Amino acid sequence: MNGGAAAAGLKAAVSQDRIRAEQIRGLFRTAPVALYAALVGALVLCGVLLYLDAQAPAVLATWMAFVIADLVVRQGICAAFRRVESGPYRWRRWAAAFTVATLVGGLVWGVGAVYLMTPSSTEQLIVMVVISATASGAVPAFGNYLPATYAYTVPAMLPFIVWSAMRGDALHPALTVLAIVFTSAYMVLAWRFNTHLLHSLLLRFENFDLVESLEQQKNIAEQANVAKSRFLAAASHDLRQPVHALGMFVSALRGQTMDAEAERLVEHLDGSVEALDSLFVALLDISRLDAGIVQSQLESFPVQPMLERICADHAGEAAAKGIRLVLHPCAAIVHSDAVLVERIVRNIVSNAVRYTRSGRVVVGCRRRGGRLNIQVWDTGRGIAREQQERVFEEFYQLDNPERDRAKGLGLGLAIVKRLSLLLHCPVTLVSEPGKGSVFRIAVPLSQAVVPSNESPPLEALPKAAAGGLILVVDDELAIQEAMRSLLAGWGYEPIVAGSCEQMLERIADCATRPDLIICDYRLRGAENGIDTILRLQSEFNAEIPAMLITGDTAPDRLKEAQESGFLLLHKPVPRGKLRAAIGNLMSAAPNEAAEAEA
C-alpha cells in the first residue's frame, strides 16, 4: 500500500511539473506582446498629459525612462528563455525571474501613476483609466502563471488606491472604491482564467499519456503478432511435413489392390488429409497476403462467366440443403484481378450457402457510378451489428463454439477482407438478425469489350505420358519414401535424397539427364531448395525443369521462393495438382529445347 501511494505521489509530482513547465512556456510566449502594448499605452498617456500641459516634460521623460528600462530588462529575460525552452529547463527559476521582473514593472506603473498625478480631476481620471487598462491586460497576458498576474496587478493598482483614499474631497472615495472593485475583478478573472488553463493542460497531458500508452500497446501487439507469425510459420512447416508425406502415402495406396474395407478406410484417411490441407491452404493465404507477395494483375473481364462458375460449383451443396441458389444475369465488364475477385465472391457465396438453412441465396449485380456492386443476398440467420466487424477476423465464427469443421474454418471472410484491401474494392455487409445478410463488393467498371478466352485450370491441362527420371530432394525420410512410392506408381523413375550433396553422390554414375527436379525449399542447416536446384542444373549443364515444394508460411521465405522463378507448390500438395504440375513441366521442356535449337 505504501509503495503504491508513493508511486501515485511521484506520478502526481511529475504531472504537476509538466503542467508548470508548460505554463511558464506559455507565459514567455505572450509576455512580449503585452510589454509592447504597455509601452504604447505609456507613450499615449505621456502624449495626452503633455498635450494638456498637465505635467512637465522632464517628469514625463523620467517616467518613460523607467518604463523603457523595465521593457528592456523583461524582453531580455524573454530572449534568454527562448534559447533554452526547446530543451528541458528549470521552470521554477524562470518563473521566479519573470515574477520578480513583473513585480518591478507593476511598481513602475503603480508608483508612476502617483508620480504623474496633477490637481486636475480630468487628468487623474485619464491616469486611472490607463493604469486600469494595463492591469486588465495582465489577465490574458500573464494569466498562464497566477503569481505573475498578481505580481503585476496589485503593485500597479495599490499605490493609486492608497493615494486616492488619502484625498479629502468627495470624488476620491468613489475613485478608491472603483479602483478596488476593478482590482478585485481582475484578480478573480485571472484566477478563473488560470483554473481553466490548468484543467485544459491536465487534459492535454492525459491525452498525450493515453496516446503514448496506446502506442506502446500497439507496439506490444505488433511484436506479439510478429511472434505469432513466426510461431505459425515454424509450426506450419513442421506440421506440413508429415501431412504432406501422409498425403503421398495415401495416393500411393490408392494404386494398390485392396478389398472393400481397406478402400473404405483409405477413403476416410484421404478425407482427413484433405481437411488438414484446406486448413493449411487458408493459413498460407493469410500469410501470403500479410507478407505482401500477392500481386494483383489488373485486366478487363466479364463477370457473368465467373458468377456462373461459382454458382455451378455450389449448386450441389445448395440443392442438398433444400435452398435455392439464384443467379441474375449481368452483362457488365469490370477492371480488376479476375482470379482474386473470383476468390472473394467464391468465399462469400460459400459462406452464404453454408449458413443458410432455408430459403435462398441470390447472386446479382448493380451499377453504382463507375463501379459494379456484386451482391450476395441470403435468408440466413443474420448477423448482429456488434458482430459484423468481427466476422472479418481470423477464426471468428458465429454459433460454432465446438469448432465443427463442417461449418468452416473461420478464415474465409478474413481472406476476403485482405483481398478487398489489396484490390481497393470495398466489401460491405448489411445484416439484421432473423432477416438474412447481404455482402457487396464494389469493382471498377470497364468499357472494354473482352472476348471469352478462359484458360483451363492447372489440373485440366494435358499431362505428359508417364516416364522419365525425376530427382527428389527432401530432408524428411518419410517424404522421400512417400514420393518414391508415389512417383514409381505413376510410372516415373525417382531418385530421392536428403540433401544436395547426397543427391550428387547418387547421380554420380547416372548417364541420363534428369527430366525434372522436385526439391523442398527448406532443407537442413543453411541449405535451401533454390541453391540446390541451381547446383543440380549446373552439374548437368542444362536448364532442367524444376519445382519447389514448401511448408513454410514465413513471409520473407515465401517472398524469396516466389521470386525464384521456379514453380512453387505448398505442402501438403494434393496428388492431382502434383501430377498435373509434373506433367506440365515435363511436357513443356521438349518444346523449349526445340525452340532453343532452332
Side-chain angles (χ1 to χ4, degrees), residues 27-82 97-145 147-164 167 172 175-176 178-187 189-190 193:
L27 181 66
F28 276 96
R29 288 174 183 169
T30 57
V33 176
L35 294 176
Y36 284 116
L39 176 63
V40 172
L43 291 172
V44 171
L45 177 60
C46 289
V48 171
L49 294 178
L50 187 63
Y51 175 77
L52 296 175
D53 197 21
Q55 275 291 358
V59 174
L60 298 175
T62 301
W63 181 67
M64 279 301 304
F66 279 99
V67 172
I68 293 173
D70 172 62
L71 172 69
V72 171
V73 171
R74 288 203 276 175
Q75 287 287 22
I77 295 174
C78 291
F81 178 80
R82 283 195 293 271
F98 189 93
T99 303
V100 170
T102 303
L103 177 63
V104 173
L107 289 173
V108 168
W109 276 86
V111 175
V114 176
Y115 178 67
L116 297 177
M117 283 299 172
T118 66
S120 172
S121 300
T122 302
E123 286 85 355
Q124 292 176 9
L125 286 174
I126 292 174
V127 172
M128 177 188 171
V129 169
V130 174
I131 297 298
S132 297
T134 61
S136 66
V139 174
F142 307 146
N144 288 283
Y145 188 57
T149 309
Y150 293 162
Y152 182 86
T153 303
V154 173
M157 296 295 293
L158 187 59
F160 176 82
I161 293 173
V162 174
W163 177 86
S164 179
R167 304 298 97 187
H172 285 90
L175 292 178
T176 301
L178 191 60
I180 292 174
V181 170
F182 283 172
T183 303
S184 301
Y186 296 155
M187 295 178 71
L189 290 174
F193 178 87

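Heavy atoms only: backbone and side chains are in, while hydrogens, waters and symmetry mates are out. Nothing here was measured: the structure is a model prediction, and the numbers come from that model.
- Contact annotation: the side chain of F142 approaches that of Y152 to within less than 4.5 Å [non-hydrogen atoms, C-beta and beyond].
- Between V104 and V73 there is no side-chain heavy-atom pair separated by less than 4.5 Å.
- Across all their heavy atoms, S132 and F182 have their closest contact at OG-CD1, 3.8 Å.
- Atom OH of residue Y115 and atom CD of residue Q55 lie 7.5 Å apart, to the nearest 0.5 angstrom.
- V130 has its side chain within reach of W109: a pair of non-hydrogen atoms, C-beta onward, lies under 4.5 Å apart.
- Taking 4.5 Å as the limit, some side-chain heavy atom of L116 sits within range of a side-chain heavy atom of L60.
- If you take OG1 on T122 and CG on L52, they are separated by 8.0 Å, rounding to the nearest 0.5 Å.
- Other residues, nucleotides and ligands place no more than 12 heavy atoms under 6.0 Å from the CZ atom of F66.
- The two residues V111 and P159 come nearest to each other via the heavy atoms N-CG, 4.0 Å.
- Of all the heavy atoms in T183 and M157, the pair that sits closest is OG1-CB, 3.2 Å.
- The two residues N144 and F193 make their nearest non-hydrogen contact at N-CE2, 4.0 Å.
- Between L103 and V154 there is no side-chain heavy-atom pair separated by less than 4.5 Å.
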Fill in: T149/T102 under side-chain contact (heavy atoms from CB on, under 4.5 Å): CA gap, chis, key distance, verdict
CA-CA 8 Å; T149 309; T102 303; over 6 Å; no
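- Here the shortest heavy-atom pairing between M187 and Y150 reads O-OH, 3.3 Å.
- Here the CZ-CD1 distance, from F160 to I131, works out to 9.0 Å after rounding to the nearest 0.5 Å.
- F81 and F28 have parallel rings, their planes meeting at less than 30° on a 0 to 90° scale where 60° marks the start of perpendicular.
- Scanning all heavy atoms of the two residues, the minimum distance from I77 to A101 falls at CD1-CB, 3.7 Å.
- Proximity of V108 to W63: side-chain heavy atoms (C-beta onward) are separated by under 4.5 Å at one or more points.
- Within the 4.5 Å cutoff, the side chain of V48 has no heavy atoms near those of the E123 side chain.
- L71 contributes atom CG, which lies 5.5 Å from atom OH of Y36 (distance to the nearest 0.5 angstrom).
- Residue L50 holds its CG atom at 11.0 Å from CG of L45, rounded to the nearest 0.5 Å.
- Of the possible polar contacts, none joining the S164 side chain to the I161 backbone as a donor-acceptor pair under 3.5 Å is found.
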Worksheet entry | Intermediate values then yes/no, side-chain contact (heavy atoms from CB on, under 4.5 Å), R167 and L175 | CA-CA 10 Å; R167 304 298 97 187; L175 292 178; over 6 Å; no
